[in-house]
Protein chains: 2
Amino acid sequence: MSTASTQAAPGRATRADVAKLAGVSTAVVSYVTNAGPQSVAPATRKRVLEAAAALGYRPNAAARSLKTGATQLLGMVIPDATNLYFAELAVAVETAAVAHGFDLLVAHSHSSREREAQLMHSFTSRQVDGIIMLSTVADQSATTLGATKTPFVEFGCNIGTPGGLAFTVDHRAGAREGVKHLIEHGHTRIGLVVGPEMAGIAHSREVGWMDALADAGLRRGPIFRADFSRAGGLEAGRALVESAAAPSAVFVASDVQATGVIRAAHEAGVRMPDELAIVSFDASPESEYTWPALTAMQQPIDEMADAAVEAIVRLRLSEPAESRMFSTTLVRRASCGCPPSVAQ
Amino acid sequence: MSTASTQAAPGRATRADVAKLAGVSTAVVSYVTNAGPQSVAPATRKRVLEAAAALGYRPNAAARSLKTGATQLLGMVIPDATNLYFAELAVAVETAAVAHGFDLLVAHSHSSREREAQLMHSFTSRQVDGIIMLSTVADQSATTLGATKTPFVEFGCNIGTPGGLAFTVDHRAGAREGVKHLIEHGHTRIGLVVGPEMAGIAHSREVGWMDALADAGLRRGPIFRADFSRAGGLEAGRALVESAAAPSAVFVASDVQATGVIRAAHEAGVRMPDELAIVSFDASPESEYTWPALTAMQQPIDEMADAAVEAIVRLRLSEPAESRMFSTTLVRRASCGCPPSVAQ
DNA sequence: AGCCGTAGTGACTGCGTTGTCATTTCTACC
DNA sequence: GGTAGAAATGACAACGCAGTCACTACGGCT
């Protein structure tokens, strides 16, 4: 096999080509592209820039990374982009990353720990400058990351995982506030639709539900467990409306599930919010377009995304960075029973 | 500034470290990791693998790319992941890419041509092995790509763009079939909610709507133009239900828009499908959870994703590859008026 | 003994870049 | 006219890897 066959396709302009065309040395080209240590005369800079444009020159990222040790690439893992909440978060993180000069490599774990581990390998192999993980399976910064020294940030349930930083919403307090709102509407029998018990997020939201009921001295309504998915919500919703003593209100731990619950109620001819009031969590775009529109606890997604990227930037600079917990906001719409005048 | 400060963080194991620990030469390590040209004795291979595992060695992708000229990275541009159709497609492409040993770098254009152009620069700079573009703005393979020799594939409206390959659904035929279904339900006055005129996809679907009406000798109902978004659909839907002679059925050019139209109908107390029957396009996951569930033209997303990645693989091997057009399938649910027994 | 094939060696090149270094050329100011 | 300082030079060393090349060592086979 000839050596040539293992080389890159020809024709891509290199720094030397630009230098030649502009009539300068290769060092000057680098000075221009990277605001180098030496100043470059405006006229020369212009010549270089023109030559680069004429040749369609783009510095080879692989060579640059090899030299500088930085890739300007961040890796992010989400379970599944067809869950709008995750999609929104990924878009927000991308925006924040781009603002800091990074590209974002998003990969889907499909909630598989094996795939998550694979992805960590892939990311470290690609020498990403930071990793942002959103896992519904479990915290694993410490375990999987192991020897890696890559800045690591988690959107998760627990603050202060040993290995890295976590940015999360106060799931418990949020759930508590949502349920409290239902109580203020006069409901006394309030059910819960929530994710699998092993998911930390689900657990926190469940505890928040209990908190609010305890605050009001109310007994706990029935609990329905299902996947964090539309189908899971549908299943749980059907069980709810068919149950002997169905609650008059339900707190649903996520928008996607709430979408399914609403469908189940419609199927059974249950009127919302009169016969079944609903408050859910996330307030993703789709929650505004259900019928009735969902009252939900909104997460400050953009803020969280900014904070995560900022933290990675700081970690890279060896500056101190801290985990943070954000609070949610109640978005009143129709599903809780608020009048249209209050609802958005 | 010392040289050291521009180097990568220390501690990451290199090939030489592995070779030393395994007591072999560096070449052998490469032979093992890449199924090199020389065979390696099983015992030696095992020693190398163990050493690599012990050190947590991962070949540096930048160095490897620099040497081989391939990055095993594909770039994909989508307008916006919070449109579930795009999110689904991105996930499908990722799955197909991973099956071929590539990672997928997804970026969002937010339907901005400038951002699209930026992304093409970023991608070529990163030396991606292929680019997959989904643009609602216009075809631009020829223009933007210019001198780039990177394999380029488009999910779009037009087959046979000069610069590259296109994989698309037969929007026109799909729309025609959807409208035909409404006609079969006895509707004679059928409106259209469609995207901006400049979007090629919107145009094709509009023509399909006209086709079906012409086939049946029906006059064209009113046309409502709006963004390809939930908000756009809501706006169009409001205009529709408030119009003097509202149609009894409407073909909506996308699920996201249909979500808004349904909401508008609910707000106005218009019963679906009795007073307003709806057929839409895409059949994304959310279309199954609206009330009523949407009858829609389904795209073979997985097939399209596979075909696109496969085409890139072929192009890289200088094998012939062809553009392809896929057909859609009518998914009967409730919004068209089909009885529950037929509806899924 | 002679020979062949397999397994492994160790030194080396080049991928495109960044940034250093010692030196030279140019410009402007006194 | 002399000189300081800025601007530019050209050569060079990495970065980590793939893969080549010319060899050697060691069996087993005839």
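Chain naming here is simple, since letters A, B, ... match the order of the sequence lines and numbering starts at 1 in each. All of these numbers come straight from a predicted model, not from anything done at the bench.
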For nucleotides 5-7 of chain D, give me every protein contact, N/O to N/O, under 3.5 Å, one pair per line with atom names.
| residue | atom | partner | partner atom | Å |
| --- | --- | --- | --- | --- |
| D/dA7 | OP2 | A/S39 | OG | 2.3 |

Could you give the OH-to-C1' distance, from A/Y31 to C/dT20, as a whole number of Å? 7 Å
Touch class at under 4.0 angstrom, heavy-atom based, for B/R64 against every strand present: sugar-phosphate
Quickly work out the B/R58 CZ to D/dG16 C1' distance and round it to whole Å. 15 Å
For A/S30, answer base if it contacts any base atom (sugar-phosphate contacts may also be present), sugar-phosphate if it contacts only those atoms, and nothing otherwise; contact means non-hydrogen atoms under 4.0 Å. base
Could you state the NZ-C1' distance from A/K20 to D/dG10, rounded to the nearest angstrom? 16 Å
Specify the separation, in whole Å, of atom CG of A/N34 and atom C1' of C/dG19. 9 Å
Mind checking what makes side chain to side chain donor-acceptor pair (under 3.5 Å) contact with B/T71, not counting sequence neighbours? B/D129
Show me the donor-acceptor pairs within less than 3.5 Å that the side chains of residues 82-89 of chain B make with the rest of the protein, sequence neighbours left out.
| residue | atom | partner | partner atom | Å |
| --- | --- | --- | --- | --- |
| B/T82 | OG1 | B/D80 | OD1 | 2.9 |
| B/T82 | OG1 | B/D80 | OD2 | 2.8 |
| B/N83 | OD1 | B/Y85 | N | 3.0 |
| B/Y85 | OH | B/Q299 | OE1 | 2.8 |
| B/Y85 | OH | B/Q299 | NE2 | 3.4 |

Value in whole Å for how far the P atom of C/dA7 lies from CZ of B/R47: 14 Å
Qualifying residues under side chain to side chain donor-acceptor pair (under 3.5 Å), relative to A/D302, sequence neighbours excluded: none
Determine which pairs satisfy salt bridge (charged side-chain N to carboxylate O under 4.0 Å, His left out) with at least one residue from residues 28-51 of chain A, sequence neighbours left out, and list them in order. A/K46-A/E50
Between A/V29 and B/V24, the residue closer to the 5' end of DNA chain C by nearest nucleotide is B/V24
Of the nucleotides D/dC15, D/dC17, D/dT20, which has the atom closest to the A/K67 side chain? D/dC15
Please work out whether the ring planes of B/F167 and B/F155 are parallel, tilted or perpendicular, with thresholds of 30° and 60°. perpendicular
Minimum-distance nucleotide (side-chain atoms of A/V28 versus C/dT9, D/dT9, C/dT17): D/dT9
Please output the side-chain donor-acceptor pairs of residues 51-61 of chain B that fall under 3.5 Å, not counting sequence neighbours, one pair per line with the distance.
| residue | atom | partner | partner atom | Å |
| --- | --- | --- | --- | --- |
| B/N60 | OD1 | B/A62 | N | 2.8 |
| B/N60 | OD1 | B/A63 | N | 3.1 |

Once you round it to whole Å, what is the distance between P of C/dG10 and CZ of B/R15? 13 Å
At under 4.0 Å, does any side-chain N or O of B/Y57 touch on OP1 or OP2 of D/dC17? yes
Whole angstrom value for the distance that separates C1' of D/dA14 from CG of B/L66: 12 Å
Nearest-angstrom distance from the residue atom CG of B/N60 to C1' of C/dC15: 13 Å
Side chain to side chain donor-acceptor pair (under 3.5 Å) test vs A/Q118 passes for just one of A/R115, A/E116, A/E114, namely A/R115
Among D/dC17, D/dT9, C/dG16, the one nearest A/S25 by side-chain distance: D/dT9
